Amino acid sequence: MATIKDVAARAGVSVSLVSHYLNGRKGVGPESRRRIEEAIEALHYRPNELARSLVRQRTNTIGVVVSHLSNPFLFDLFDGIEQGAKDYNIVYCSASADVHKRRRYFDFFLHGRADALIVYGSGTADKELVEELTRAKFPVVLVEHDLPNEAAGRILIDNFTAGREATDYLIALGHRNLLFLGGMEQIDAVRNRREGFEAACHAALDKGVHPIVLNPGYANGGVVSRRTLFDSAYRAMRDYLYQHDVPDAIFSSGDILAYGAIQALQEKGIEIPKDVSVIGFDDESGFEFGVAFPRLTTMRQPLSEIGKLAVETAIAQIGGAKPAKIVVSTEMIDRGTCIKRQV
């Protein structure tokens with residue numbers, strides 16, 4: 001295998017000049033550049049990236065930590081990250097909800113394996129980990145979690161406004177008994193969607209709006225898979241229907257939860273949207289669960305845009321920019337699962 005010394009000897013230049021060329025520094029004239037490039041091609045030379053990163057104190061790598069890499073919901077996020085990555089390498093890690101595993105990944109990237117870290121959907125348990133990274137002046141970008149730490153970049157969905165808009169939409173259709181299907185309250189996004197729902201209901205109390213909040217319980221020690229979300233929502237709605245009337249409309253904090261609820265409703269002979277309107281969040285498919293309604297009216301997150309913004313923010317922080325906080329909006333996608341209430 002050819003070395004940098006072999007390249008220098010063949011090109012008839014010094015090792016330091018070849019090093020300057022490889023690291024993009026000034027001081028390499030056109031003729032020297034030509035000879036170095038010809039030598040590299042002739043010798044099939046490949047630079048030692050580890051050695052180069054030690055010289056530059058950069059790895060040209062950005063780490064990305066998510067809960068589940070296999071979650072198809074995140075594929076658009078990954079696509080956006082790749083679009084914005086430029087010449088950076090991206091390393092993805094799946095850490096589930098295990099704070100100890102997340103700490104291992106955080107430490108791995110901090111100690112010379114990456115120049116920045118993007119964390120998607122971090123929970124309150126990540127607060128201490130993120131603070132450790134930012135105290136070390138390590139560039140961190142949080143996606144969908146607003147820790148009170150201005151030393152970290154943040155890309156956020158306006159979940160409160162989205163929750164309020166979805167609920168206002170149902171109220172405008174004439175629905176009055178409104179059920180919010182919640183989730184894990186330790187996640188800011190879920191809590192903010194509920195708060196938006198409650199704000200819209202409170203503003204319409206004089207119209208006879210009655211808000212209901214239903215929070216499914218989760219099994220499996222807190223490691224929440226798509227199947228767990230679906231099954232928990234199914235059980236919660238099934239049990240609710242044993243004791244209560246069918247609500248006019250349901251606003252779900254996530255589409256997967258909505259699909260679980262729909263299964264329970266359909267088993268009781270309740271038709272959607274004839275008997276109950278349903279609006280979800282996230283724009284996810286329910287095909288894997290065999291639900292008769294494959295797609296929902298939903299609040300769509302621009303995940304590709306979010307991914308691109310996250311990696312661009314990380315690169316800017318690597319370059320010395322101050323961490324930015326960027327808030328993006330959702331878009332309602334109407335697929336016919338919400339209709340005007342029949343009086």
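What's counted below: heavy atoms across the whole structure, side chains too, no hydrogens, waters or symmetry copies. What you see is a predicted model; the values in this text were computed from it and never measured.
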Do you see a donor-acceptor pair shorter than 3.5 Å between the side chains of [X] and [Y]?
| X | Y | answer |
| --- | --- | --- |
| Asp115 | Tyr88 | no |
| Gln83 | Asp79 | yes |
| Asp283 | Gln301 | no |

Treating [X] as the side-chain partner and [Y] as the backbone partner, does any N or O pair qualify as donor plus acceptor under 3.5 Å?
| X | Y | result |
| --- | --- | --- |
| Tyr105 | Gly63 | no |
| His175 | Ile339 | yes |
| Asp76 | Ser304 | no |
| Thr313 | Leu309 | yes |

Rounded to the nearest 0.5 Å, how far apart are [atom1] of [X] and [atom2] of [Y]?
| X | Y | atom1 | atom2 | result |
| --- | --- | --- | --- | --- |
| Phe138 | Ile318 | CZ | CD1 | 8.0 Å |
| Phe108 | Cys93 | CZ | SG | 7.0 Å |
| Glu165 | Phe251 | CD | CZ | 10.0 Å |
| Ile81 | Ile90 | CD1 | CD1 | 6.5 Å |
| Glu144 | Leu156 | CD | CG | 7.0 Å |
| Leu179 | Tyr240 | CG | OH | 5.5 Å |

Identify whether [X] and [Y] are in the same connected component of the hydrophobic contact network (ILVMFWY, side-chain heavy atoms under 4.5 Å).
| X | Y | result |
| --- | --- | --- |
| Val278 | Phe197 | no |
| Val64 | Leu74 | yes |
| Val143 | Phe281 | no |
| Ile270 | Tyr234 | no |
| Phe160 | Ile326 | no |

Using every non-hydrogen atom in the two residues, find where [X] and [Y] come nearest and quote the distance to one decimal.
| X | Y | result |
| --- | --- | --- |
| Met299 | Thr330 | CE-OG1, 3.5 Å |
| Leu77 | Ile306 | CD1-CG2, 3.9 Å |
| Ala258 | Leu296 | CB-CD1, 3.4 Å |
| Thr337 | Arg295 | CG2-O, 4.0 Å |
| Val328 | Pro302 | CG2-CG, 4.2 Å |
| Cys338 | Tyr169 | CB-CE2, 3.8 Å |

Kindly indicate whether the side chain of [X], heavy atoms from C-beta on, has any atom under 4.5 Å from the side chain of [Y].
| X | Y | value |
| --- | --- | --- |
| Met237 | Leu214 | yes |
| Glu198 | Val213 | yes |
| Ile272 | Ile250 | no |
| Arg341 | Leu173 | no |
| Pro211 | Phe180 | no |
| Tyr92 | Val66 | no |
| Asp245 | Asn177 | no |
| Leu241 | Val246 | yes |

*asked:* Please evaluate residues Arg191 and Asp188 with respect to the criterion salt bridge (charged side-chain N to carboxylate O under 4.0 Å, His left out), reporting the C-alpha separation (whole Å), side-chain torsions for both, the decisive distance (0.1 Å), and the verdict.
replied: CA-CA 5 Å; Arg191 187 170 61 255; Asp188 282 350; 2.3 Å; yes
*Decide side-chain contact (heavy atoms from CB on, under 4.5 Å) for Ile62 and Ile315; before the verdict, give the C-alpha distance in whole Å, the side-chain angles of both, and the deciding distance to 0.1 Å.*
CA-CA 9 Å; Ile62 295 173; Ile315 292 170; 3.8 Å; yes
_Derivation and outcome, side-chain contact (heavy atoms from CB on, under 4.5 Å), residues Ile171 and Arg176_ = CA-CA 6 Å; Ile171 293 170; Arg176 294 298 177 259; 3.7 Å; yes
*Hey, what's the ring geometry for Phe75 with Phe78, parallel, tilted or perpendicular (30° and 60° as the breaks)?*
tilted
_Aromatic ring pairing Phe230/Phe289, orientation class (parallel under 30°, perpendicular over 60°, tilted between)_ = parallel
*How far apart are the C-alpha atoms of Ile279 and Met332, what are their side-chain angles, what is the distance that settles it, and do they pass the side-chain contact (heavy atoms from CB on, under 4.5 Å) test?*
CA-CA 9 Å; Ile279 182 169; Met332 180 179 286; 3.6 Å; yes
*What residue among Ser277, Pro247, Cys201 forms side-chain contact (heavy atoms from CB on, under 4.5 Å) with Leu178?*
Cys201
*CD of Glu31: more than 12 outside heavy atoms within 6.0 angstrom?*
yes
*asked:* With side chain to side chain donor-acceptor pair (under 3.5 Å) as the test, pick out the partner of Asn159 among Glu195, Arg193, Arg194, Arg164.
replied: Arg193
*Basic-acidic side-chain contact under 4.0 Å: Glu267, Arg238*: no
